[in-house]
2 protein chains.
Amino acid sequence: MKTISDEQKPSLSPRGAEKREKILEGALRVFLAQGYSASMDAIAAEAGVAKQTVYSHFKDKHSLFSALIDRLLDHFLTAGMTQEILLLDAPSFIRKVAQISLSRMDDWEYVSLLRLIIGESGRFPELSELYVARMVKPGIQKLADYLRANDQLRFSDPDAVARIIHGSLINFVISQEIMHGKHAMPMPRERMINSIVDLVLFAGEASKQAS
Amino acid sequence: MKTISDEQKPSLSPRGAEKREKILEGALRVFLAQGYSASMDAIAAEAGVAKQTVYSHFKDKHSLFSALIDRLLDHFLTAGMTQEILLLDAPSFIRKVAQISLSRMDDWEYVSLLRLIIGESGRFPELSELYVARMVKPGIQKLADYLRANDQLRFSDPDAVARIIHGSLINFVISQEIMHGKHAMPMPRERMINSIVDLVLFAGEASKQAS
DNA sequence: TTGTTTTCATACTAACCAGTCTAGCACTTG
DNA sequence: CAAGTGCTAGACTGGTTAGTATGAAAACAA
């Protein structure tokens with residue numbers, strides 16, 4: 001998987017890498033809080049680093065931004081979703097997937113990243129495409145593969161069902177956390193999880209009998 | 001329902017209202033295309049109006065932006081979703097709801113508005129709350145009421161099921177159009193609609209028998 | 001016509017920002 | 001110690017922006 005960022009690497013020394021890390025951490029806080037319109041001065045200040053140092057590690061603002069998103073996608077990719085949950089039976093599997101997805105609601109970084117990628121998807125289509133290619137598509141693929149392989153369930157279109165499950169979970173995060181819907185229309189996430197599990201299991205079994 | 005915008009109204013004459021309309025139309029094109037960071041000069045130019053005229057109709061940039069979003073929410077609220085579809089039977093009703101929701105994928109203004117509201121939900125939480133209160137909550141409410149009233153289906157938690165349906169539809173729009181997923185992971189919307197209808201009907205009937 | 005209101009074009013302000021430059025400081029390595 | 005390398009603080013350039021000011025041209029009303 002190729003990376004997008006084209007930052008220069010002026011040093012392979014441990015000191016250089018350390019500064020680079022500080023810059024990325026500062027950029028993370030500032031970009032996630034203020035969006036792409038955050039100023040490079042603010043990022044340098046937050047990182048506790050001179051502005052020139054930022055520009056000696058990253059070509060320009062766009063490169064820094066891309067490198068950061070790239071890094072964050074990697075970070076959230078590895079978090080959660082081990083292989084062993086594929087061994088679970090259908091109810092446990094779906095519940096586990098839902099729990100992992102919704103647990104990200106508590107993660108300010110994840111919620112902010114999602115908002116940022118959607119908000120900047122007009123200006124930076126590459127980034128949202130990267131998000132889709134690295135996070136959404138593989139996730140849905142694994143889910144669909146499980147549904148296809150499991151003989152407790154039998155859907156005529158497992159790919160579409162995978163998207164329904166995934167979509168209802170992601171949209172729960174968006175509407176509750178990003179759009180601040182948890183005040184106007186609150187719903188405990190366990191209720192949501194239970195209904196998704198029920199819906200899929202009932203439908204999967206009924207669909208099996210009908211075929 | 002109270003409005004958010006606090007623009008001044010310097011004239012109640014027809015000429016004034018006409019200018020105000022031109023300004024809002026220009027602001028619509030520019031804000032939806034470039035986001036909130038669009039410049040007031042660009043908006044005035046697009047509206048074919050002097051910059052000063054913009055400021056004589058709207059207090060500042062924030063007021064103009066709020067007034068525009070307010071207006072757009074009203075516009076999309078009235079479009080589609082008549083009362084008579086409530087008379088349809090379950091399969092037709094769910095299909096119709098799904099078709100109406102997904103038909104908005106073709107509407108550049110709707111897609112851009114959704115991106116804008118999500119993207120600016122950090123800077124302008126009032127706007128996303130307004131969106132939730134005026135569009136999402138009533139929509140889900142109607143859907144849940146239908147599910148509750150219909151005796152072909154029987155869900156233990158109709159509100160949660162309504163959110164699942166709504167979420168999978170909205171997220172389909174987001175992932176396909178906003179995040180440009182239609183290239184990397186295309187799916188015909190009819191396939192999505194069919195699966196949602198099947199899922200809900202199978203589960204609704206199975207759930208009924210189980211109770 | 002005369003007076004009032006609105007719009008127009010333009011210029012201006014004060015602030016902000018991306019990116020560059022300079023000159024000196026600090027650390028590391030030979 | 002000496003040379004090299006990365007870091008720092010700050011100033012600077014050229015450009016953009018929100019919002020204001022001005023003075024004249026229209027549009028309208030009496």
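Below, chain A is the first sequence line, B the second, and so on; all start at residue 1. Because only heavy atoms are used, hydrogens play no part in the values below, and waters and symmetry mates are left out as well, while side chains stay in.
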Could you tell me whether the phosphate oxygens of [N], OP1 or OP2, come under 4.0 Å of any side-chain nitrogen or oxygen in [X]?
{"X": "A/Ser56", "N": "D/dC7", "result": "yes"}
{"X": "B/His57", "N": "C/dT6", "result": "no"}
{"X": "A/Thr53", "N": "D/dC7", "result": "no"}
{"X": "A/Lys19", "N": "D/dT8", "result": "yes"}

(message) I want to know whether A/Tyr36 and A/His62 have ring centres closer than 6.0 Å.
(response) no
(message) Taking the six-membered ring for Trp, are B/Phe65 and B/Phe58 closer than 6.0 Å centroid to centroid?
(response) no
[X] side-chain proximity, nearest of [options]:
{"X": "B/Tyr55", "options": "C/dC8, C/dA18, D/dG19", "value": "D/dG19"}
{"X": "A/Asp41", "options": "D/dG19, C/dA18, D/dA9", "value": "C/dA18"}
{"X": "B/Ala50", "options": "C/dT22, C/dG19, C/dA9", "value": "C/dA9"}
{"X": "A/Gln52", "options": "C/dC17, C/dG19, C/dT22", "value": "C/dT22"}

Whether [X] side chain and [Y] backbone form a donor-acceptor pair below 3.5 Å:
{"X": "A/Lys61", "Y": "A/Ala38", "answer": "yes"}
{"X": "B/Lys96", "Y": "B/Ile85", "answer": "no"}
{"X": "A/Ser175", "Y": "A/Asn171", "answer": "yes"}

(message) Regarding A/Ala44, tell me which of base, sugar-phosphate or nothing describes its non-hydrogen contacts under 4.0 Å with the strands shown.
(response) nothing
(request) Tell me what B/Ala38 touches on the nucleic acid: a base, only sugar-phosphate, or nothing, going by heavy atoms under 4.0 Å. (result) sugar-phosphate
Whole-Å distance between [N] [atom2] and [X] [atom1]?
{"X": "A/Phe58", "N": "C/dA18", "atom1": "CZ", "atom2": "C1'", "answer": "16 Å"}
{"X": "B/Tyr36", "N": "D/dT16", "atom1": "OH", "atom2": "P", "answer": "20 Å"}
{"X": "A/Met40", "N": "D/dA11", "atom1": "CE", "atom2": "P", "answer": "20 Å"}
{"X": "B/Arg20", "N": "C/dT5", "atom1": "CZ", "atom2": "P", "answer": "21 Å"}
{"X": "B/Gln34", "N": "D/dA18", "atom1": "CD", "atom2": "P", "answer": "11 Å"}
{"X": "A/Lys61", "N": "C/dC17", "atom1": "NZ", "atom2": "C1'", "answer": "8 Å"}
{"X": "A/Phe31", "N": "C/dC17", "atom1": "CZ", "atom2": "C1'", "answer": "13 Å"}
{"X": "A/Leu64", "N": "C/dG19", "atom1": "CG", "atom2": "C1'", "answer": "13 Å"}

(request) Establish whether the base of D/dG10 is bridged to the side chain of A/Lys51 by a donor-acceptor pair shorter than 3.5 Å. (result) no
